[in-house]
Every structure is written in C-alpha cells, then in structure tokens.
Amino acid sequence: MKNNYENNLEYLDIEEIIIPKGIMLTIKEVESEENLGFIKVNKDNELVDGIITYLRYVKEGRSKIQVIRINKLQKINIGLASAS
C-alpha cells in the first residue's frame, strides 16, 4: 500500500512544533544524517517523525516548514479481511 500524504501537507511556523520529551540526539548525529525525510506531526503539532530534519531546519534558521499532518491510523498499515 502506497502512502499518499498529498492531502495532509501543510506549512507550519517552526515555533509551533512541539518536540516530545525524552528525545536525545547529539549534534554529530544531526549533522551526519544525509537522508532528510518528511516531518510528521499529530493534531497537536507534536513531532511524530522527522526529528533530524526538523533540527536541521532550525539550524538553517527557517521560519516556516512543510509538514505532514498524520493521525494515529496513518502510522500503521492495517489490512482488514472483507466479510463476504
């Protein structure tokens, strides 16, 4: 199943994004990552995925960034058998 996030893309002020407690990264980890992915946030603007990308954008001084707004069911791939 291919994820289509096109309808969930939006721009947020970088200051609106909330980093969950307990995230610990070193500067070396942030700077050494080459493959920056999407930044994903939940309905409360809490970061769900893409912490390194977010931190790189903060370092670059960006004020608005593109995010994907997800809900809990989008984080997992569920296949339901049809009742026939």
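For residues 56-67, the set of pairs meeting the salt bridge (Lys or Arg N to Asp or Glu O under 4.0 Å) definition, not counting sequence neighbours, comprises Asp13-Lys64, Glu31-Lys59, Glu60-Arg62.
Asn45 and Glu16 get closest at one heavy-atom pair: CB-O, 3.3 Å.
With sequence neighbours excluded, the residues that form a side-chain hydrogen bond (donor to acceptor under 3.5 Å, both in side chains) with Glu10 are Arg69. For the side-chain contact (heavy atoms from CB on, under 4.5 Å) test, residues two or more places apart in sequence or in another chain that qualify with Asn42 are Asp44, Glu46, Val48. Under the salt bridge (charged side-chain N to carboxylate O under 4.0 Å, His left out) criterion, Glu29 pairs with no residue at all, not counting sequence neighbours.
Side-chain N or O atoms of Thr53 include one that pairs as donor or acceptor with a backbone N or O of Gly37 at under 3.5 Å.
In this structure, Ile65 shares a hydrophobic cluster with Leu12, Ile14, Ile17, Ile19, Ile23, Leu25, Val30, Leu36, Ile39, Val41, Leu47, Ile51, Ile52, Tyr54, Leu55, Tyr57, Val58, Val67, the cluster being traced through Ile, Leu, Val, Met, Phe, Trp and Tyr side chains under 4.5 angstrom apart.
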